[in-house]
Amino acid sequence: MAARGGCRRLPDAGDQPRRGVKATGGSPRVRFAPSPTGYFHVGGARTALYNWLFARRLGGTFVLRIEDTDRERSDDAWISGILSALEWLGISWDEGPYRQSERLPLYEKAAAELFAAGRLYACDCSRADVEARNPGRTTPGYDGYCRDRALTPGPGRALRFRTPDEGVTLVHDVVRGDVEFPNSTIEDFVVVKSSGDPLFVLAVVVDDISMGITHVIRAEEHLPTTPKAVMLWEALGAGPVPVFAHLPVLVNEKRQKLSKRRDRVSVEDYRAMGILPEAMRNYLALLGWSPADGREVLDLEELVSEFRLEDVNNSPAFFDERRLLHFNGLYIRALDEEEFLRRALPFLEPPSGPWAPGRFDRAQFERLAPLVKERVATLGEVAGMVDFLFADPFVVDDHDRATSIGRDPGARALLEQVAEGFRSCGWDAGSIRAVVTAAAEASGRKLAKAQAPVRVATMGRAVGLPLFESLEVLGRERALGRVLSALGAGAGTPAGTGPGGAAQPAGGAG
RNA sequence: GCCCCCAUCGUCUAGCGGCCGAGGACGUCGCCCUUUCAAGGCGGAAACACGGGUCCGAAUCCCGUUGGGGGUACCA
């Protein structure tokens with residue numbers, strides 16, 4: 001599951017900077033660089049998707065790089081989650097996954113060069129030191145105390161980048177335009193921790209240079225650190241900086257950036273609830289971008305051919321689960337029967353199905369599957385539509401029984417007639433329908449009204465799959481048993497003793 | 001506090017100076033279809049944050065205000 005297609009060669013740090021790739025020729029190289037500090041969330045998925053679409057459309061290369069320079073927070077367990085989520089979404093990588101933790105020598109070398117060139121200086125100030133020196137200062141950040149102390153690098157000493165005091169650093173961004181950062185507002189930032197570990201700013205730039213990255217497409221939250229990256233990029237003499245594209249963040253209903261903490265955003269969770277990867281892809285693609293022609297349902301090929309970085313919009317987007325569900329329903333209904341079965345089965349068979357092992361009968365399910373397909377928004381809902389066939393014991397919703405049978409004065413007589421009909425009618429949807437229709441007429445009500453008590457008695461709920469087709473699959477024995485059981489359970493109002501068999505117990509199970 | 005970004009229906013968005021008395025989609029409301037529920041069809045309500053400019057003309061350009069958001073770490 002590593003790289004597929006494309007070369008795996010790691011361009012070494014000495015490669016020529018790829019000139020001209022910015023706007024004109026050359027094939028672009030992009031990277032998706034998640035940090036394994038938590039489960040993979042939809043924001044990351046959207047970023048990965050955009051990078052991938054961009055690369056695919058232009059025949060470029062998509063590099064996967066794991067940013068695990070923070071040893072404290074990184075955990076290998078999260079990496080496999082990221083990889084499997086990407087695969088699930090159909091986002092394949094051409095190179096990688098590289099791991100920054102395996103590339104430490106490169107960062108050390110770069111830091112040494114920068115130090116030798118006077119761009120870095122050692123610093124032994126603690127955070128508290130800086131704070132104590134400038135109590136209540138208004139401009140935050142490091143105060144430059146060690147700038148001219150000429151400390152030698154060593155244990156306990158961090159390396160800081162000497163930022164210019166004047167001028168501005170310009171960041172060219174495809175979605176934001178040119179953004180100016182006054183250099184005076186950029187502190188002498190740490191590039192190597194006092195532990196000797198590189199900080200992500202350094203690692204990112206060194207890697208982007210050595211991997212020949214031409215376009216950096218990432219979340220907007222990285223925009224403020226971009227001038228630092230630009231400074232480093234230039235200090236390392238690496239040629240033209242990449243083209244940047246900072247995507248609008250994804251927010252929750254309160255308009256805050258999606259957080260793994262407070263919001264349900266794990267890609268894995270959506271997969272588990274039965275969201276189709278193609279629906280997730282389609283929905284995600286539309287969060288912050290829309291095709292020129294306004295179409296909304298686009299398959300992979302269409303996304304690839306329509307996607308343009310320049311068309312990405314720049315305001316935060318709310319991750320609307322309802323809209324996702326809408327797309328998912330669209331995609332589920334578009335599945336052919338065979339495919340629907342293939343996708344739904346994992347949610348029904350033994351480990352997953354909400355019924356005892358062995359209860360599930362695939363053949364029975366297949367008969368109703370076409371009707372199910374039209375009625376679910378997620379694969380996770382499928383089981384609930386057919387549990388009247390497999391759940392043991394069969395349960396009837398209390399509320400629905402009370403309204404459709406208990407409080408319906410005519411229900412008892414109707415059910416009795418239906419039971420009578422069920423004993424001898426042909427057992428197919430048409431015949432079953434005829435029985436219920438006859439009972440409906442006898443009780444002077446419309447079929448729609450008449451089917452309610454029957455539905456609750458046999459399927460356990462007032463809403464669900466079409467009744468007659470469902471009963472056909474349920475079988476005469478179980479259907480009749482359940483109707484009788486409903487009568488026996490004191491359906492109707494008084495004790496209108498039903499003729500024959502009203503005493504049959506728990507007819508449901510069958 | 002400081003730096004940066006953003007601002008069209010509840011939501012995702014189209015719009016890049018006249019075609020906009022603002023279009024589509026989700027959601028919502030009504031009707032139709034109908035064995036329940038969905039799906040589908042039809043119809044409705046629903047937005048250019050505010051104030052100044054520029055211009056013959058502004059949702060579209062500029063400035064300001066307000067309001068959101070992000071960053072401010074020896075996290076990424």
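Each chain gets a letter, A, B and so on, in the order its sequence line appears, and its residues count up from 1.
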For nucleotides 41-51 of chain B, list the nitrogen or oxygen atoms of the protein found under 3.5 Å from its nitrogen or oxygen atoms, one pair per line.
none

Produce the list of close N/O pairs, under 3.5 Å, pairing protein atoms with atoms of nucleotides 59-70 of chain B; give distances to one decimal.
| residue | atom | partner | partner atom | Å |
| --- | --- | --- | --- | --- |
| B/G70 | OP1 | A/Lys257 | N | 3.2 |

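Evaluation of the salt bridge (charged side-chain N to carboxylate O under 4.0 Å, His left out) rule for A/Glu253 yields no partner, not counting sequence neighbours. In this view, A/Lys449 satisfies the salt bridge (charged side-chain N to carboxylate O under 4.0 Å, His left out) rule with no residue, not counting sequence neighbours. By the salt bridge (charged side-chain N to carboxylate O under 4.0 Å, His left out) test, A/Glu321 pairs with A/Arg264, sequence neighbours left out.
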Practice problem: Go along nucleotides 22-37 of chain B 5' to 3' and tag each nucleotide: B for a protein heavy atom under 4.0 Å from its base, S when only backbone or sugar atoms are that close, - otherwise. | Solution: --BBSS-------BBB

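Residues from residues 434-444 of chain A lying near RNA chain B, meaning a heavy-atom separation below 4.0 Å, are absent. For residues 31-44 of chain A, proximity to RNA chain B is found at A/Ser35, defined as any non-hydrogen atom under 4.0 angstrom from a strand atom.
Residue pairs meeting the salt bridge (charged side-chain N to carboxylate O under 4.0 Å, His left out) criterion with at least one partner in residues 426-444 of chain A, sequence neighbours excluded, do not occur; the list is empty. Applying the salt bridge (charged side-chain N to carboxylate O under 4.0 Å, His left out) test to every pair with at least one member in residues 67-78 of chain A, sequence neighbours left out, gives these pairs: A/Arg65-A/Glu67, A/Asp68-A/Arg99, A/Asp70-A/Arg73, A/Arg71-A/Asp197, A/Asp76-A/Arg99. For residues 156-170 of chain A, every residue pair satisfying the salt bridge (charged side-chain N to carboxylate O under 4.0 Å, His left out) rule, not counting sequence neighbours, is listed here: A/Arg147-A/Asp165, A/Asp148-A/Arg162.
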Extract all donor-acceptor atom pairs below 3.5 Å that involve side chains of residues 457-471 of chain A and protein atoms in other chains or at least two apart in sequence.
| residue | atom | partner | partner atom | Å |
| --- | --- | --- | --- | --- |
| A/Thr458 | OG1 | A/Val454 | O | 2.7 |
| A/Arg461 | NH2 | A/Gly384 | O | 2.6 |
| A/Arg461 | NH2 | A/Asp387 | OD1 | 2.9 |
| A/Arg461 | NH2 | A/Asp387 | OD2 | 3.3 |
| A/Ser470 | OG | A/Pro466 | O | 2.7 |

